[in-house]
2 protein chains.
Amino acid sequence: MSAEIKQVYWRGGSLYVLDQRLLPHRTKYIRCGTPESVAAAIRDMALRGAPLIGGAAAYGFALAAKSLPSDPKRWWPALDRAAKTLKASRPTAVNLMHGVDHMLAAAERLLFRKEIGAVEFYKGLKEEADRFFDEDASWNRRMGELGSKLLKRGSTVITYCNTGALATCGLGTALGVIRTAYKHGKIKHVYACETRPYMQGSRLTLWELMRAGIPSTLITDNMAAHLMATERIDAIFVGSDRIAANADVANKIGTYGLSILARHHGIPFYVVAPSTTVDLRTKHGRLIPIEERSAREVVEIGGRLFAPKGAKARHPAFDVTPSRLVTAIVTERGVVRPPNARTLRKVIAPKP
Amino acid sequence: MSAEIKQVYWRGGSLYVLDQRLLPHRTKYIRCGTPESVAAAIRDMALRGAPLIGGAAAYGFALAAKSLPSDPKRWWPALDRAAKTLKASRPTAVNLMHGVDHMLAAAERLLFRKEIGAVEFYKGLKEEADRFFDEDASWNRRMGELGSKLLKRGSTVITYCNTGALATCGLGTALGVIRTAYKHGKIKHVYACETRPYMQGSRLTLWELMRAGIPSTLITDNMAAHLMATERIDAIFVGSDRIAANADVANKIGTYGLSILARHHGIPFYVVAPSTTVDLRTKHGRLIPIEERSAREVVEIGGRLFAPKGAKARHPAFDVTPSRLVTAIVTERGVVRPPNARTLRKVIAPKP
């Protein structure tokens, strides 16, 4: 976990989850002692961010082994139930499926390998969740170093949504690069887009940047173009929810527009995401389903209705940035530049 | 005034101003019986929109003539005081200066022309305010017809901020075109950008569109690019606060970004504004001062703090769209297409 921000922590056989819904004004943890309570925390948006959800789900699965039936034959149905509950908590999250499947495979390995006691099995799964979580954190560090190399000293960058410790198991993806680059003296200033409608930028990213002591300024999403035209902006860094085989990038709604603005002003547009974000089975971006969320989340802000009663609203939660608008994709396996089907495959799935 | 929405109305020697701060949930008018109370309504943002402010200020000036001193020699100082109070209520608004100066000139004409009684003078000024107000409304109608011709039947358009009856003395500028085109059967659907940070789109434009029965959907500003890429968008219509001599357009923050997105997707980008918006003394857009408003208006929404305490924020209230990104400027004197110094001058200030 990040040294500075504990997005989740394990103590006394429970996972404690930082309730991100209360940020930035309150720091409160939710104790999760069962797979069901971890699933509820994910479903109710107490935590978010694809890699972090995956990491939390791994711990959630391990919790299923805490109170297994005495008959080992009934273990697997209990584990299977836990896996299903966790996967159903955010059906579109690829990392969640990945985290749970990883733990299912580990459980299978442990059970096959030897006659194993309940305590040892639980311990084995908890250690596997630790490894899974720490691996994501180590990927963050690697992407941080690789991404930092893309910047010169004294850079001013724009970032979008929240891609930091609150979205991952470590420093973050795009924000991890920014933090690493700051440590290396390369960041002069960060503009964080508020990221309507959920305000992850103002609520979460600014909170992380301020805690890290990085000079930062909040802007509304519609100010980005004006800044690009009137100030020196050296790069844009964003994360990704899914990357297609042709290197098209799905990310939070608004990312695509930002990439067009960057191109128009000749500013590099970088996507930072672990290789597990790449979905080689999805040929190109137009095949990525875009979740349409509740209109209520657009007409209301913080529970207060701004639009007229009965107003219609759209709420596509994500958009797709075609790879030609992306300068480079930074993964823990290397930098994909320029991103396309060939360069992506070369970095992500190198031939043996 | 618009047949459907009375943004202000005159009754019994007072100007009644629709308090736009309470929209869309409450419709309440503020009674203004003096120039000072009209100035207060402008200053406190009860009404907004450059042309509407100009029209209201004209009535505000007429109100000064309601209670003039008995000695006609003391009239002018009283009128001058009223003019100064009104002008100070929103120092950057060109239309406000224009409205007050127009009334000062009318007062001068009335006083010079003949021995005039106080009642007759007041009546003359009130009639001049009516004319000034109605002229803006007639310009709206003319721009509506000219702009409507730019659209084919069944068009889907995007609009920004509020440029309707709530911003003008009539139907509106950009929204006036949309309403006129709808009347002519040319509008299938309107997407209104919410327009952070003030939410004029969600609070005001959607209210106007819904009252007019025009099919409309609210979007957050960062969704516009996604819609342009995934749906058929036929045109963008925006207003303007000031147009430089080279046809660069200053308008609400976010307009510039929208123009880049429109160009990227090959969608026509239209600016609708009366000829009084053109400021031939300002050579080009970079010379237009951009008002930086309070950071508080960005970190808070509806009085609720979203960002962390102490967070810094930028708040440029306007941006400048270079004329090359504008497909045409629709004025009451004609359509400027393509907009540049020559074509603009030809339409706005034709040689005698």
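Labels below follow one simple rule: chain letters A, B, ... track the order of the sequence lines, proteins then strands, and each chain is numbered from 1.
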Portion of [X] that has a non-hydrogen atom of chain A nearer than 4.5 angstrom:
X	value
Ile290(B)	side chain
His315(B)	both
Met210(B)	side chain

By a 4.5 Å heavy-atom criterion (distance strictly below it), what part of [X] contacts chain B: side chain, backbone, both, or neither?
X	answer
Tyr191(A)	side chain
Leu227(A)	side chain
Met199(A)	side chain
Arg304(A)	side chain
Thr321(A)	neither

Of all heavy-atom pairs between [X] and [Y], which one has the smallest distance, and what is that distance?
X	Y	result
Lys312(A)	Leu206(B)	O-CD2, 4.1 Å
His226(A)	Ile253(B)	CB-CD1, 3.7 Å
Ala307(B)	Pro24(A)	C-CG, 3.6 Å
Thr217(A)	Arg314(B)	CG2-N, 3.5 Å
Gly257(A)	Ala225(B)	CA-CB, 3.5 Å

Near [X] [atom1], under 6.0 Å, is it more than 12 heavy atoms from other residues, nucleotides or ligands?
X	atom1	result
Arg211(B)	CZ	yes
Arg21(A)	CZ	yes
Arg232(A)	CZ	no

**OP:** Could you give me the CA-CA distance, side-chain angles and deciding distance for Val298(A) and Leu218(B), then say whether side chain to side chain contact (heavy atoms under 4.5 Å, CB included) is met?
**Re:** CA-CA 8 Å; Val298(A) 170; Leu218(B) 178 67; 4.0 Å; yes
Original post:
Looking at Val320(A), Ile260(A), Asp221(A), Val299(A), which has the largest count of heavy-atom pairs under 4.5 Å with chain B?
Top reply: Ile260(A)
Original post:
Taking His25(A) for the side chain and Leu305(B) for the main chain, is one N or O donor matched with an acceptor at less than 3.5 Å?
Top reply: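 It does hold such a pair.
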Subject >> Chi angles and distances behind the side chain to side chain contact (heavy atoms under 4.5 Å, CB included) call for Arg196(A), Glu194(B) >> reply: CA-CA 10 Å; Arg196(A) 284 280 292 140; Glu194(B) 64 176 11; 2.6 Å; yes
**OP:** Find the distance between OG (Ser202(A)) and CD (Glu300(B)) and round it off to the nearest 0.5 Å.
**Re:**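 Answer for the OG-CD pair, Ser202(A) versus Glu300(B), is 12.0 Å.
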Original post:
Nearest 0.5 Å, what's the CG-CG distance between Leu261(B) and Leu261(A)?
Top reply: 5.0 Å
**OP:** Tell me, with the steps shown, if Ile301(B) and Phe306(A) meet side chain to side chain contact (heavy atoms under 4.5 Å, CB included).
**Re:** CA-CA 10 Å; Ile301(B) 305 181; Phe306(A) 275 79; 3.5 Å; yes
**OP:** Could you give me the CA-CA distance, side-chain angles and deciding distance for Tyr256(B) and Asn222(A), then say whether side chain to side chain donor-acceptor pair (under 3.5 Å) is met?
**Re:** CA-CA 9 Å; Tyr256(B) 169 53; Asn222(A) 56 9; over 6 Å; no
**OP:** Taking the side chain as every heavy atom from C-beta outward, state whether His264(A) and Leu325(B) have any pair of such atoms under 4.5 Å apart.
**Re:**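 In short, these two side chains touch, coming nearer than 4.5 Å.
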